[in-house]
Every structure is written in structure tokens, then in C-alpha cells.
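One structure below.
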Amino acid sequence: MQWRARGGPVGRPGPARNENPFDDVLDQVDRAARVLHLDPHDAEILKHPRRQVIVSLPVPLDDGRVHVFTGYRVLHDTIRGPGKGGVRFHPDVNLDEVKALAAWMSWKCALVDVAFGGAKGGIACDPSALSEGELERLTRRYAAEIFDLIGPTLDIPAPDVGTDSRVMAWIMDTYSMKKGYVEPGVVTGKPLLLGGSLGREAATGRGLLVITREALRHLGRPLEGARVVIQGFGNVGSNAARMLASAGARIVAVSDVRGGIIREDGLDISRLMRYRHETGGVEGYHEAGPLTNAELLELECDVLLPAAMEGQITEANADRIGARLIVEGANGPTTSEGDAILTARGITVVPDIMANAGGVVVSYFEWVQDRNGYFWKEDVVNARLEEKMVAAFDAVSAAAERFGLGRDLRAAAYVVAMQRILEARRLRGLYA
Ligand code: NAD
């Protein structure tokens with residue numbers, strides 16, 4: 001995966017220069033500090049992750065060889081609570097990417113106001129090229145190497161690209177065996193039987209439903225009958241589609257990596273999900289016509305929900321995007337240049353750190369439940385998730401107004417997050 005410069009808020013202006021994603025983080029801190037009229041030195045601390053760890057992981061492969069993988073864990077900020085952030089298994093994982101992702105977790109947790117700081121980890125590997133046994137040995141060695149750095153009050157990993165609930169179960173088991181007692185709160189995104197939370201799997205999609213509804217209301221438009229286009233039909237895209245459709249929106253087009261489909265009077269999402277389950281994709285679905293991913297992004301619609309991957313809306317297509325509102329389900333789907341064009345065209349973009357934060361909110365709930373040993377009903381999880389997402393949206397809209405940021409919700413989101421972190425820092429003071 002190639003890194004693409006992200007739309008900052010704050011990160012927007014300027015050419016696509018940031019090969020190093022952590023440079024984007026530095027820009028975001030500076031620009032939010034300017035909006036907040038802070039002395040740049042006040043924000044300096046956020047430019048330096050609290051801890052960066054690189055570990056070498058020798059793992060016996062099935063053919064008898066030993067391969068040494070490289071793993072990372074970065075703790076960006078812990079002023080509001082223990083570190084929180086996923087573990088990514090991908091060939092391109094490197095320290096700067098992990099540092100940037102850790103910082104974004106700090107902003108995201110502050111924005112949805114959960115008592116976590118930001119962290120992230122990863123291993124440079126191709127999980128699809130490893131057998132289940134190799135993957136388990138690699139995961140356990142990684143968990144053993146970072147054992148002293150993680151824990152329910154220190155830093156709590158979760159799934160990210162290339163990892164899942166099975167990987168979380170192995171980390172939880174390794175940690176618990178070394179401790180000598182069961183510690184479910186060391187990771188989130190676990191299987192339900194091991195202390196996972198009801199509602200976690202669909203949480204990002206549910207959060208997107210709430211944010212889309214709030215953003216449309218803000219623009220004076222109803223969700224009922226809204227024409228919605230969704231790129232990506234995986235966990236995030238399909239759950240968002242299902243929930244938006246049951247709230248009355250008309251999902252006219254969706255796509256996945258193989259291609260897209262369109263049906264003007266709206267797709268039946270339950271039937272489409274069954275079709276995807278049987279065939280592995282949405283292409284060829286008999287109740288709709290075909291279209292490409294490029295065409296899908298440019299369709300006239302009320303809401304475009306990019307929920308696939310980064311770098312989809314760029315300077316090459318931003319002037320042809322037909323949506324009135326874009327809600328970023330994926331991380332970093334809009335490049336800096338694309339973002340500038342959308343803003344100039346008056347298209348509202350709800351940024352990823354707010355739009356897709358439903359997952360981390362329910363991760364927080366999972367951690368709370370694990371620590372109490374008492375588990376909530378799904379409707380309690382969902383109601384509390386909704387409350388958090390609405391509060392985040394309201395805080396961001398209020399900041400946009402207060403700081404004269406207009407429709408630039410990305411700028412407003414970064415400002416709210418950084419203001420909360422810096423205020424917590426001011427209240428705590430600086431330890432000797
Ligand atoms: P996923 O692997 O379940 O689904 C990804 C979907 O995107 C699949 O349908 C895939 O076919 C499609 N896709 C991949 N490449 C594509 C391309 N070039 N064009 C069109 N479609 C393409 O992943 P997911 O968990 O749904 O995550 C999607 C995005 O949301 C990622 O950016 C992820 O970081 C972000 N995200 C996920 C969560 C979560 O809880 N799963 C939370 C926050 C953010």
C-alpha cells in the first residue's frame with residue numbers, strides 16, 4: 001500500500017508532498033495551533049510520540065526456516081487515558097506510518113471523548129502469504145516482545161488492516177498466560193466468547209449512519225429518501241448500507257474491488273448481502289446494472305460514502321464528484337488536493353476521524369465491560385454509541401461556527417480534538 005497525502009484540516013493546503021505520513025501530523029498540529037491562536041511551543045509535545053518501539057520477531061516457518069520479521073508499537077499520547085490503537089499486518093508497515101496512525105488515534109479518541117490516548121502497532125508482513133500456524137506464532141512472539149508495554153491500563157491493541165478477532169484472541173491468550181490470570185481488557189475487537197462486545201462488528205457502520213443523518217440535518221436535508229452511493233462493500237460499507245437503507249435512504253450504487261452495480265430505484269441490501277456471501281462480490285448482481293468504481297464516484301447523489309481505501313478522491317476526479325455530502329467511511333479516502341477542490345466547490349466532507357469513529361467508541365465500551373466483568377445488551381451499546389457520535393458531531397459543528405471555518409468540518413474536527421488534548425495537558429501540568 002502506497003501512502004497518500006491526506007487532506008489535513010488543517011492539513012489541506014499545499015501540494016501533495018508528504019511521502020512521510022508523519023509530516024501530515026506535524027502540519028495538522030501547526031495549523032490547529034494557528035486556528036486556536038496557540039503559541040506553537042504549546043503544541044510541540046504532540047509532535048513527539050511518547051514512546052516508539054521496534055522489535056525483531058524470529059518465527060519458525062512451516063518449511064523449517066526461521067524468518068525474522070520487524071514489529072512496531074508506538075504510544076503517541078496518554079494524557080487522557082491509556083493508549084488505544086490497532087495492530088496492522090501489512091508488507092508496507094513502517095515506523096513513520098505507525099507514528100502517524102498513533103497520532104490520528106489520539107485525535108479520534110479525543111474527538112469522540114473516550115478516555116483513551118492514541119497508539120498503533122504493526123508488523124511488516126503479508127498475512128495472506130502465511131499459514132494459520134505461522135500467523136499465530138508471529139502474533140504470539142509480537143505479543144511477548146511488547147508484553148511489558150501493553151495492558152488494560154497502559155496500551156490496548158485492536159484489529160486493523162490484516163488482523164481480526166482471531167489475532168486479538170492470540171494476543172489476549174499470550175498476555176494472560178504470561179500474567180498468570182485471564183485479562184480480557186488487554187485488547188478489544190475480541191470474539192464475543194472471550195469478552196468481546198455485542199455491537200462491535202457493526203459499530204463503524206452504525207456510527208456512519210448517525211453521522212450521515214446528523215450531517216444531512218445540518219444541511220437541512222432529510223435522510224429519508226436520500227440518494228446514497230457507497231464505495232466498498234466490506235465490513236464498513238455493507239453495514240452502513242444495511243443501516244442507511246433501513247433508515248429510509250435509497251442506496252442506488254455500491255462497489256467492491258472488482259466493480260460496481262447501480263439500480264436507480266434502490267438496491268435491496270439484504271438480498272445483495274446474500275449474493276455477496278454466495279459469490280464473494282457484488283459484480284454480476286442480477287437486479288442491477290454494472291458500472292465501474294470511477295463512474296460510481298462521480299454519480300449525482302445526496303451522499304457519497306467512500307468505504308474502501310485511501311486516495312480515492314483526488315485532483316483527478318474531485319471536480320467531477322456529483323455528491324452534495326461526502327462521509328468518509330474509509331481512512332484517508334480524500335487526498336489533500338482533492339479535498340481543496342471539494343471545499344472550493346462547496347461540497348461538505350465529514351472527515352474520517354469523526355465519521356468512522358464508531359468502531360473505537362464500541363472498543364471503548366468493550367474495554368469498560370471487560371474491566372467491570374459485566375456485559376451490556378446490544379441496544380444499550382447502540383444507544384450509547386449514538387449518544388457519543390451525536391455529541392462529537394455537535395462539538396465539531398459548533399467549532400466550525402465559532403472559529404469561522406465554514407463547511408470545513410475537517411479543520412473543525414482537528415481543532416476540537418487538539419483543544420481537548422491540550423486542555424487536559426494544561427490541567428495535569430508537566431511532570432518533573
Ligand atoms: P474490508 O476489507 O472489510 O472491506 C473493504 C471493501 O473495499 C471490500 O468490499 C473491497 O472489495 C473494497 N475495495 C478494496 N479495494 C477497492 C478498490 N480499489 N475500489 C473499490 N473497492 C475496493 O475493510 P473494512 O473494515 O470495511 O474497512 C474499509 C475502510 O474503512 C478502511 O479504510 C479501514 O481502515 C476503514 N475503517 C474500518 C473500520 C472498521 O471497524 N472495520 C473502522 C474505521 C475505519
Side-chain angles (χ1 to χ4, degrees), residues 1-4 6 21 84-90 92-93 97 100-101 104-105 107-109 111-112 120 122 127-128 158-165 167-168 188-190 196-197 199-209 211 229-243 253-261 269 272-273 275-277 279-283 285 290-298 304-314 317 327-334 350-366 385 389:
M1 179 177 59
Q2 266 302 105
W3 179 261
R4 316 291 286 260
R6 292 163 58 102
K84 183 87 194 87
V87 178
R88 180 170 289 197
F89 285 3
H90 191 280
D92 295 342
V93 165
E97 183 185 74
L101 291 164
W104 286 320
M105 284 306 294
W107 317 153
K108 197 182 278 197
C109 291
L111 188 60
V112 288
K120 203 81 179 191
S128 66
D160 191 70
V161 175
T163 56
D164 53 18
S165 59
V167 171
M168 293 307 112
T188 60
K190 295 179 294 293
S197 177
R200 172 66 185 85
E201 199 171 324
T204 305
R206 184 172 294 280
L208 282 162
L209 162 66
I211 290 292
V229 168
I230 301 181
Q231 186 196 35
F233 205 64
N235 175 301
V236 177
S238 66
N239 277 308
R242 186 166 59 82
M243 290 180 199
V254 304
S255 66
D256 60 25
V257 67
R258 297 188 215 158
I261 52 168
I269 301 300
L272 179 59
M273 285 172 92
Y275 177 82
R276 181 200 57 176
H277 185 68
T279 66
V282 299
E283 212 182 30
Y285 179 59
L291 88 170
T292 65
N293 262 293
E295 290 165 342
L296 173 134
L297 290 171
E298 295 173 14
L304 170 62
L305 212 154
M309 54 186 298
E310 72 275 18
Q312 295 301 295
I313 301 171
T314 68
N317 62 0
V327 182
E328 294 186 334
N331 281 315
T334 312
V350 184
D352 47 8
I353 63 164
M354 172 159 67
N356 69 30
V360 81
V361 169
V362 178
S363 270
Y364 170 69
F365 295 160
E366 180 176 333
L385 167 63
M389 299 303 291

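Atoms within each ligand, like the ligands themselves, are counted from 1 in listed order. Bear in mind that the values here come from a model prediction, so they are computed numbers and not experimental data.
- Applying the side chain to side chain contact (heavy atoms under 4.5 Å, CB included) test between Val254 and each of Leu305, Val229, Val282 identifies Val282 as the sole match.
- Every residue meeting the side-chain contact (heavy atoms from CB on, under 4.5 Å) condition with Glu201, not counting sequence neighbours, appears here in chain and number order: Asn235.
- Residues lining ligand 1 at a heavy-atom distance below 4.0 Å are given as Thr204, Gln231, Gly232, Phe233, Gly234, Asn235, Val236, Asp256, Val257, Asn293, Ala307, Ala308, Met309, Gly329, Ala330, Asn331, Asn356, ordered by chain and residue number.
- By the side-chain contact (heavy atoms from CB on, under 4.5 Å) test, Asp164 is found to be paired with Arg166, Val167, residues two or more places apart in sequence or in another chain being considered.
- The existence of a salt bridge linking Glu97 and Lys120 is excluded, since no basic side-chain nitrogen approaches an acidic carboxylate oxygen closer than 4.0 Å.
- Asn317 is linked by a side-chain hydrogen bond (donor to acceptor under 3.5 Å, both in side chains) to nothing, counting only residues two or more places apart in sequence or in another chain.
- Between the side chain of Ser197 and the main chain of Arg200, no donor-acceptor pair closer than 3.5 Å is present.
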